[in-house]
Amino acid sequence: GPQGGPFANNVYNGYKQAAEDLGADVKYYFSDWDSNKLVQQMKEGLATKPDGMAIYGFGGPEATGPIVDEAFSKGVIVTSLNSELTALQAKYAAQGFGYVGAQLYKAGFDLATETVKRGKLKKGNKAFVWGLKAAAGDRAQRTVGAIDGFKKAGIVVVYLEIDQATNTTPSAGASTYVAIMKKNPGIKAVITDHGGLTGAAETYMKAANQKPGAVFFSGFDVTPAAVTAIESGYLTLSIDQQPFLQGYLPILQICLTKKFGFSGLSVNTSGGFLDKANVGVVAPLAIKEIR
């Protein structure tokens, strides 16, 4: 994500802690959730001849595959985080290619199902999903899962792809949110498939003159902004993806493979939901951008 962004900071803090604990020398790249930029940065990183590379998977297998192939042919360990690259992981698991993050389709489906249950939605109700269905590779599956979860419950889905401007700067999407609400009166629930947009729930709802609870607003990730939005009632529900671990564990993976030849580990970091009842437990750590 963007340097200094809340989700990126959590992952970066995990990277830094792992580097400190393990003695690794790490160079960092920030790709602004731009898949083309990420792929270019992978090429730049590989050119520095590192021992390993920890990459987000949203570049997709077609664009990243040749770079990963080249890396392993040169003895460079590659492992992924946040978005799965299942075919590449299967191909290179024995050589250290692992995955740390959510099971994306399941996370999206589970969030929609929980939103229907807790929001007491009924068949025929409308829900707005603001996501990344067009994203490369497996990243799209979290959005697909959310849509499928709503449709299975008989909910009418209003869908909009997150544009790159909002992807990078979530506050830029306020006018888009307002337009969707005006065009589709009666929306009962919202899912934003992006940590930055989820943290901007209060910004969006205030822009649309919606009071807390006017819609059942759900999303992904625990950030300082998301905690504040939950406490104020604008954000109703979020899945805790634990992005700190998505930074820490890939560095550990590379070191374990480099030193001891361990194969790739697969770790699901998306273990639970966060709402007003339990937000106080993680709030102090979220402010420090650890949770």
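The first residue in the sequence is number 1, and the count goes up from there. Being a predicted model, the structure only gives us computed values, none of them experimental.
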**OP:** Could you tell me whether D193 and K133 make a salt bridge, using a distance below 4.0 angstrom between a side-chain N and a carboxylate O?
**Re:** no

Original post:
Can you check side chain to side chain contact (heavy atoms under 4.5 Å, CB included) on V78 and Y92, steps first, answer last?
Top reply: CA-CA 9 Å; V78 183; Y92 291 111; over 6 Å; no

Original post:
Linking I/L/V/M/F/W/Y whenever their side-chain heavy atoms sit closer than 4.5 Å, directly or via other members, would I67 and F72 fall into one cluster?
Top reply: yes

Original post:
Roughly how far, to the nearest 0.5 Å, is CZ of R118 from CG of L111?
Top reply: 9.5 Å

Original post:
Going through the distances and angles, do S238 and T198 end up as a side chain to side chain donor-acceptor pair (under 3.5 Å)?
Top reply: CA-CA 8 Å; S238 183; T198 299; 5.6 Å; no

Original post:
Sub-3.5 Å donor-acceptor pair from the side chain of Q41 to the main-chain atoms of F30, do we have one?
Top reply: yes

**OP:** Output yes when a side-chain donor or acceptor of Y99 lies under 3.5 Å from a complementary backbone atom of G264, and no otherwise.
**Re:** no

Original post:
Between atom OG1 of T79 and atom CG of L88, what is the distance when rounded to the nearest 0.5 Å?
Top reply: 11.0 Å

**OP:** For Q3, look at atom CD and say whether over 12 heavy atoms of other residues, nucleotides or ligands are found less than 6.0 Å away.
**Re:** no

**OP:** Please assess F97 against L85 for the test side chain to side chain contact (heavy atoms under 4.5 Å, CB included), listing each intermediate value before the final yes or no.
**Re:** CA-CA 10 Å; F97 196 117; L85 291 165; 4.2 Å; yes

Subject >> Distance, nearest 0.5 Å, that separates CE of M205 from OG of S232 >> reply: 9.0 Å

**OP:** Measure the acute angle between the ring planes of F128 and Y177, then classify it against the limits of 30° and 60° as parallel, tilted or perpendicular.
**Re:** tilted

Original post:
So, for A200 and P170, which heavy atoms are closest and what is the spacing to 0.1 Å?
Top reply: CB-CB, 4.3 Å

**OP:** Classify the ring geometry between Y204 and F217 as parallel (under 30°), tilted (30 to 60°) or perpendicular (over 60°).
**Re:** parallel

**OP:** Kindly indicate whether the side chain of S83, heavy atoms from C-beta on, has any atom under 4.5 Å from the side chain of L104.
**Re:** yes

Original post:
Closest heavy-atom contact between L22 and C255?
Top reply: CD1-SG, 4.0 Å

Subject >> Straight-line distance of T166 OG1 to Q164 CD, nearest 0.5 Å >> reply: 9.0 Å

Subject >> Y105 and D138: CA distance, side-chain angles, deciding distance, side chain to side chain donor-acceptor pair (under 3.5 Å) verdict >> reply: CA-CA 8 Å; Y105 181 88; D138 291 338; over 6 Å; no

Original post:
Ignoring hydrogens and geometry, is there a side-chain-to-backbone donor-acceptor pair from E114 to G119 under 3.5 Å?
Top reply: no

Original post:
Mind checking whether Y29 and K37 have side chains closer than 4.5 Å, heavy atoms only?
Top reply: no

**OP:** Determine whether F273 and F216 fall in the same hydrophobic cluster, where Ile, Leu, Val, Met, Phe, Trp and Tyr are linked whenever their side-chain heavy atoms lie under 4.5 Å apart.
**Re:** yes

Subject >> Cluster link V116 to V144, ILVMFWY, side chain under 4.5 Å >> reply: no

Original post:
When hydrophobic residues are tied together by side-chain contacts of less than 4.5 Å, even through go-betweens, does V215 share a cluster with F150?
Top reply: no

Original post:
Going through the distances and angles, do H194 and F7 end up as a side chain to side chain contact (heavy atoms under 4.5 Å, CB included)?
Top reply: CA-CA 9 Å; H194 187 298; F7 186 89; over 6 Å; no

Original post:
Are side-chain heavy atoms of M181 and V178 found at a separation under 4.5 Å?
Top reply: no

Subject >> Interatomic spacing from CD in Q241 to CZ in R142 - rounded to 0.5 Å >> reply: 5.0 Å

**OP:** Return the minimal non-hydrogen interatomic distance between Q246 and T269, and the atom names on each side.
**Re:** NE2-OG1, 3.3 Å

Original post:
What do the steps show when you test V282 against Q242 for side chain to side chain contact (heavy atoms under 4.5 Å, CB included), and what is the final call?
Top reply: CA-CA 11 Å; V282 301; Q242 302 183 112; over 6 Å; no

Original post:
Got more than 12 heavy atoms from elsewhere within 6.0 Å of NZ, K106?
Top reply: no

Subject >> Backbone N/O of E289 and side chain of N13: donor-acceptor pair under 3.5 Å >> reply: yes

Original post:
Between the side chain of N10 and the main-chain N/O of R291, is any donor-acceptor distance below 3.5 Å?
Top reply: yes

**OP:** Take T228 and E202, measure what side chain to side chain donor-acceptor pair (under 3.5 Å) needs, and give me the verdict at the end.
**Re:** CA-CA 9 Å; T228 299; E202 185 170 347; over 6 Å; no

**OP:** Report yes or no: does Q103 contribute a side-chain atom to a donor-acceptor pair with the main-chain N or O of N268 at less than 3.5 Å?
**Re:** no

**OP:** Could you tell me whether the side chain of D32 and the main chain of D34 form a donor-acceptor pair under 3.5 Å?
**Re:** no

Original post:
Is the closest side-chain heavy-atom distance between I180 and V190 below 4.5 Å?
Top reply: no

Subject >> Closest contact, heavy atoms only, L46 versus P50 >> reply: O-CD, 3.7 Å

Subject >> Check: E161 side chain, A134 main-chain N or O, donor-acceptor pair, under 3.5 Å >> reply: yes

**OP:** State, to 0.1 Å, how close K122 and I155 come at their nearest heavy-atom pair, and which atoms those are.
**Re:** O-CD1, 3.2 Å

Original post:
Does T192 reach the main-chain N or O of W130 with its side chain, forming a donor-acceptor pair under 3.5 Å?
Top reply: no

Subject >> CD1-CG distance between I230 and L274, expressed to the nearest 0.5 angstrom >> reply: 4.0 Å

**OP:** Give a yes or no on whether a salt bridge exists between D110 and K117, defined as a side-chain N under 4.0 angstrom from a carboxylate O.
**Re:** no

**OP:** Please check if I254 and I55 belong to a single hydrophobic cluster, counting links between Ile, Leu, Val, Met, Phe, Trp and Tyr side chain heavy atoms closer than 4.5 Å.
**Re:** no

Subject >> Student check: side-chain heavy atoms of V26 and I251 closer than 4.5 Å >> reply: yes

Original post:
What is the ring orientation for F262 with F260, classed by angle as parallel under 30°, tilted 30 to 60°, or perpendicular over 60°?
Top reply: perpendicular

Original post:
Closest approach of V39 and A63, non-hydrogen atoms and distance?
Top reply: CG2-CB, 3.7 Å

Original post:
Got a donor-acceptor contact below 3.5 angstrom from the T143 side chain to the L132 backbone?
Top reply: yes

**OP:** Sort and list the pairs that fulfil side chain to side chain donor-acceptor pair (under 3.5 Å) and have at least one residue in residues 47-65, not counting sequence neighbours.
**Re:** D51-K258

